[in-house]
Every structure is written in structure tokens, then in C-alpha cells.
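Since this is a predicted model, take the numbers as computed values, not measurements.
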Amino acid sequence: MKRLLLSLSLLLSAASVNGDVITLKPGHPEAYVVAKGDTLWDISAHFLQDPWRWPTLWGANPQIANPHLIYPGDQLTLVFIDGEPRLVKKPMLSKQAQGRIEPKGGAIPAVNLALIRPYLIHNRVVGADWFAKQPMLMAGESPSLNHIAGEVVFIDAVLETGAKIGLYEPGRRFVRQQDGSQLGQEVILTATARVIESGEISKVELLTSFREARPGNRIITLEDDALLSAQFMPKAATVKDAKVLASAINILEMGKLDVAYIDRGQVDGVTTGDVFAITRTGDKVVMGKDGIPVPSTDRTTYDRFMALMSDDRTRQMPATYHGNMLVFKTFENTSLGLIMVNEQPVRIDDNLIIPEQVSVLRE
């Protein structure tokens with residue numbers, strides 16, 4: 001049986017990556033018992049070279065029509081159907097006090113929700129002009145400039161009594177480098193609150209503080225479905241010409257499990273679950289006076305002049321593969337993604353391409 005599985009694995013590995021053909025990982029297990037804390041990505045990484053291809057690995061199997069119904073204790077077994085690898089499961093069940101049979105524990109998520117939950121709740125990108133027109137925190141009952149949970153503050157708008165709202169402060173304004181397009185205003189949740197008295201100046205009690213709320217914070221209705229976007233199935237992105245726009249925490253270089261903004265969003269066709277390959281455009285070297293290639297970082301004035309004057313003296317180096325990014329939240333013109341695979345540091349302006357296009361870079 002092991003020889004058969006190995007032979008089929010090698011056959012799949014040798015096949016070109018297109019359509020629904022997937023490549024099994026060398027040394028993959030024949031079976032796996034789902035453990036508490038696992039994610040769908042983790043499990044797929046045990047079997048596949050490209051974990052984002054798990055819908056293909058499980059898609060033809062009616063037992064796992066909904067992968068979110070995989071629970072800790074379930075046993076997954078690799079089988080081959082018409083020569084294609086598929087996972088089947090044997091559920092682990094426990095009897096409740098009422099005698100009803102239910103799976104043990106909760107279904108495992110696509111990714112570790114602890115990594116993305118703060119961004120699902122706290123970060124939004126909205127129109128800058130729209131944000132500037134939203135109701136504003138004017139002051140509080142406390143004479144302090146900053147306000148925290150438990151305090152009452154005043155908002156310059158008639159708000160519905162009992163309504164739950166969010167207070168947001170402005171972050172960065174995003175612009176697409178390639179064409180100067182305005183992509184929106186980043187806004188960060190500082191506190192949640194509930195309206196306790198309505199009027200031209202409404203009274204609002206702060207419920208939870210993430211940062212200190214202060215005059216100038218704007219009021220936006222909270223997204224009731226903020227966490228629903230965490231329920232998705234990864235799939236190959238279809239949007240082309242995307243770029244890494246910014247780090248979510250404003251750092252220069254990003255690595256595995258860091259969060260980044262990308263410069264494409266809902267209007268471009270980006271959806272939650274999209275997986276992009278991250279690449280960086282290769283350097284353009286110029287041939288120096290002595291015939292030795294000179295990288296762009298070491299060019300002299302003469303080298304720069306010659307590079308402008310003659311294309312024959314320059315050589316474009318190939319792009320390099322840096323990892324994979326999984327989109328977990330989309331806005332109108334931008335999106336948030338989690339770096340799932342990181343072979344080299346990721347930076348602003350790195351390319352995001354359809355993952356099938358990157359196979360040649362990894363050979």
C-alpha cells in the first residue's frame with residue numbers, strides 16, 4: 001500500500017500544475033487525526049505542497065462537503081479516487097447527557113482566528129470625505145482629554161438610544177503608487193460604546209477601550225458581521241497586478257503570520273479566501289566600464305547615465321518568490337491579507353500574482 005501511495009504521489013508531483021491537479025508533499029502521512037488547535041491550512045500543509053489547494057483535495061468528497069465540519073478527534077485518511085488524491089474522514093463522536101450524538105469540541109477554523117480577529121474588528125478602510133462627515137466625540141463628563149471604558153462622552157449628533165457604536169481615529173491615507181489612485185482612509189477602533197441619552201448632543205457610555213478615546217474621534221456603526229468574514233475557503237486569486245500596499249502595524253519588512261494591506265479590493269474582484277503568491281521584481285543590473293555587472297544599489301553616476309542611454313548595457317534579473325498571502329477581509333479599494341508562507345522578507349510594493357504563475361520561480 002505504501003509503495004502504491006508513493007508511486008501515485010510521484011506521478012502527481014511530476015504532473016504540471018494546472019486546473020485541479022495538485023502536488024502531494026514528499027513524506028506526507030497516509031492518515032491524520034485532527035488535534036485541538038489545528039486549522040484547515042495546518043492540516044492541508046501535512047499533505048500538500050500548496051496548502052491553499054485544499055478545496056481540490058477535499059472537494060470531490062461528499063463526506064467533507066463543508067470543511068468547517070471537521071472536528072478535533074476526526075481521522076482523515078488519504079485515498080485515491082480515479083487516480084486523484086482525496087481525504088475521507090471518520091468522525092469522532094461523543095454522547096451528550098441528553099443522549100444526542102454530537103461531535104467533540106468546535107469545528108476547526110480555516111486559519112488561526114487569534115491572528116486575524118483584531119483586524120476583523122478594529123481595522124476599516126473608508127472614504128476619507130465620508131469619514132470626515134461622521135459624528136464626532138466632542139468632550140466627556142470627565143475633564144480629562146482622554147477617555148476610557150466606563151466614562152460618559154458627548155457626541156454631536158442625534159443618536160438612537162441603546163444603539164451600539166464604535167469610536168474610530170484616523171490612520172493612514174492609502175494611495176496606489178502606480179497611478180496615484182486614492183484608495184481610502186484607514187480608521188482604527190478606539191472604543192465601543194452605547195448611546196444612553198439621545199439629543200442634539202447625545203450621551204454615550206464607553207463599553208470597551210482598545211485605545212484612549214479623545215475629542216475628534218468619529219462615530220461609525222459597528223459591523224455586526226465582522227467575524228463572519230473569517231468563514232471562508234481559500235482559493236487561487238484571479239485579480240492581476242496587485243501590490244503589497246502597507247504593513248498593518250507599519251513595519252518595514254514582514255514575515256510569516258504578519259498582516260498586510262493590498263492595493264486591490266471589492267471593486268477589483270478581490271474576495272475573502274483569495275490566495276496570492278508574493279514576488280519581487282528582479283534587479284536591473286548595468287554593465288560597468290570593466291564589463292562587470294553592477295547592481296542598482298552600487299551604480300556610479302557613470303553607470304546611471306549609461307543605463308539611461310542604452311538598454312544594451314542593462315540586464316533585467318528574474319523575479320523572486322517570497323511567499324503566499326491569504327486575504328481575510330476586503331474593503332472597497334483595499335484588502336487585508338495574512339502572510340501564510342514566507343521564504344523571504346515581504347516589503348511594500350512587492351507583487352501579488354495568481355499563485356499558479358509562480359511555479360517556475362520555485363523550481
Has Thr334 got a side-chain atom pairing as donor or acceptor with Gly265's backbone, closer than 3.5 angstrom? no
Using distance alone, with no hydrogens and no angle criterion, decide if Gln178 and Asp349 have a side-chain donor and acceptor under 3.5 Å apart. yes
For Glu84, is there any backbone N or O sitting under 3.5 Å from a side-chain donor or acceptor partner on Asp82? no
Path from Met317 to Ile353 over hydrophobic side-chain contacts below 4.5 Å: no
Heavy-atom check, side chain of Asp42 versus side chain of Tyr32, under 4.5 Å: no
Does Val33 reach the side chain of Asp74, with side-chain heavy atoms less than 4.5 Å apart? no
For Gln316 and Gly282, indicate whether the former's side chain and the latter's backbone hold a donor-acceptor pair under 3.5 Å. yes
Between Ile121 and Lys329, what is the shortest heavy-atom contact and its length? N-NZ, 4.5 Å
Do Ile348 and Val270 land in one hydrophobic cluster if side-chain heavy atoms of ILVMFWY residues count as linked below 4.5 Å? no
4.5 Å side-chain heavy-atom contact, Asp50 and Thr23: no
Report the distance from atom NE2 of His322 to atom CD1 of Ile339, rounding to the nearest 0.5 Å. 11.0 Å
Check: Gln266 side chain, Thr330 main-chain N or O, donor-acceptor pair, under 3.5 Å: yes
Tell me, with the steps shown, if Gln134 and Ile219 meet side-chain contact (heavy atoms from CB on, under 4.5 Å). CA-CA 6 Å; Gln134 301 312 300; Ile219 307 305; 5.6 Å; no
Could you tell me if the side chain of Thr192 sits less than 4.5 Å from the side chain of Ile165, heavy atoms only? no
Please work out which of the three classes, parallel, tilted or perpendicular, describes the rings of Tyr261 and Phe331, given edges at 30° and 60°. tilted
Path from Leu207 to Ile220 over hydrophobic side-chain contacts below 4.5 Å: no
Closest heavy-atom contact between Pro85 and Leu78? CB-CD1, 3.9 Å
Donor-acceptor contact below 3.5 Å, side chain Arg194 vs main chain Leu206: no
Ser181 vs Asn333, test: side chain to side chain donor-acceptor pair (under 3.5 Å). Steps then yes/no. CA-CA 10 Å; Ser181 299; Asn333 296 304; over 6 Å; no
Give a yes or no answer on whether the side chain of Asp38 reaches the backbone of Ala35 with a donor-acceptor pair at less than 3.5 Å. yes
With a 4.5 Å heavy-atom cut-off, do Asp263 and Leu183 have their side chains touching? yes
Could you tell me the separation between the CG atom of Leu24 and the NE2 atom of His28, rounded to the nearest 0.5 Å? 4.5 Å
Could you tell me whether a side-chain N or O of Ser144 sits under 3.5 Å from a main-chain N or O of Asn146, the two making a donor and an acceptor? yes
Once salt bridge (charged side-chain N to carboxylate O under 4.0 Å, His left out) is applied, do any residues pair with Arg315, and if so which ones, sequence neighbours excluded? none
Residues forming a salt bridge (charged side-chain N to carboxylate O under 4.0 Å, His left out) with Glu253, sequence neighbours excluded: Arg347
More than 12 heavy atoms of other residues, nucleotides or ligands under 6.0 Å from CD1 of Ile148: yes or no? no
With no hydrogens and no angle check, is any side-chain donor or acceptor of Asn112 less than 3.5 Å from a backbone partner on Ala114? yes
Is a side-chain donor or acceptor of Thr190 paired with a backbone partner of Leu167 at a separation under 3.5 angstrom? yes
Just distance, no hydrogens or angles: give the donor-acceptor pairs under 3.5 Å from side chains in residues 154-164, sequence neighbours left out.
| unit_1 | atom_1 | unit_2 | atom_2 | d |
| --- | --- | --- | --- | --- |
| Asp156 | OD1 | Met136 | N | 2.6 |

Pairwise distance CD1(Ile43) to CD1(Ile70) - rounded to 0.5 angstrom: 5.5 Å
Minimum heavy-atom separation for Trp52 to Pro355, with atom names? CZ2-CB, 3.4 Å
Run the salt-bridge test on Lys235 and Asp274 with the 4.0 Å N-O cut-off and return the result as yes or no. yes
Would you indicate whether the side-chain heavy atoms of Phe276 and Asn324 approach each other to under 4.5 Å? no
Where do Gln185 and Arg172 land on the side-chain contact (heavy atoms from CB on, under 4.5 Å) test, with the steps shown first? CA-CA 6 Å; Gln185 170 76 62; Arg172 296 162 287 183; 5.8 Å; no
Look at atom CD of Glu200 and say whether more than 12 heavy atoms of other residues, nucleotides or ligands are closer to it than 6.0 Å. no
Determine whether a donor-acceptor pair (N or O, by modelled atom type, separation under 3.5 Å) exists between the side chain of Ser335 and the backbone of Arg264. yes
For the student: nearest non-hydrogen atoms of Val175 and Leu245, plus distance: O-CD1, 3.6 Å
Validation row: Lys243, Leu352 side chains within 4.5 angstrom (heavy atoms): no
Nearest 0.5 Å, what's the CZ-CD distance between Phe131 and Glu186? 10.5 Å
Could you check Tyr168 against Leu189 for side-chain contact (heavy atoms from CB on, under 4.5 Å), going step by step and ending with a plain yes or no? CA-CA 4 Å; Tyr168 289 82; Leu189 183 66; 3.6 Å; yes
Could you check whether Arg280 pairs with Asp350 (Lys NZ or Arg NE/NH1/NH2 to Asp/Glu carboxylate O, under 4.0 Å)? yes
Looking only at side-chain N and O atoms, does Asn250 offer a donor or acceptor that is under 3.5 Å from a partner on Ser247? no
Between the side chains of Asn351 and Thr281, does any donor sit under 3.5 Å from an acceptor? yes
Separation of Lys256 NZ from Leu115 CG (nearest 0.5 Å): 10.5 Å
Assigning hydrophobic clusters by single linkage (Ile, Leu, Val, Met, Phe, Trp, Tyr; side-chain heavy-atom cutoff under 4.5 Å), is Val267 placed with Trp130? no
Step by step, would you call His147 with Arg214 a side-chain contact (heavy atoms from CB on, under 4.5 Å)? CA-CA 6 Å; His147 305 282; Arg214 62 189 66 190; 5.7 Å; no
Out of curiosity, does Leu222 fall in the hydrophobic cluster containing Val187 (side-chain heavy atoms, cut-off under 4.5 Å, transitive links)? yes
Mind checking whether Arg299 and Lys284 have side chains closer than 4.5 Å, heavy atoms only? yes
Heavy atoms only: give me the nearest Phe174-Ala246 pair and the separation to one decimal. CE2-CB, 3.9 Å
Quick one: closest heavy-atom pair of Ala248 and Tyr119, and the distance? CB-CE2, 3.5 Å
As an exercise, state the distance from CG of Leu336 to CE of Met325, rounded to the nearest 0.5 Å. 9.5 Å
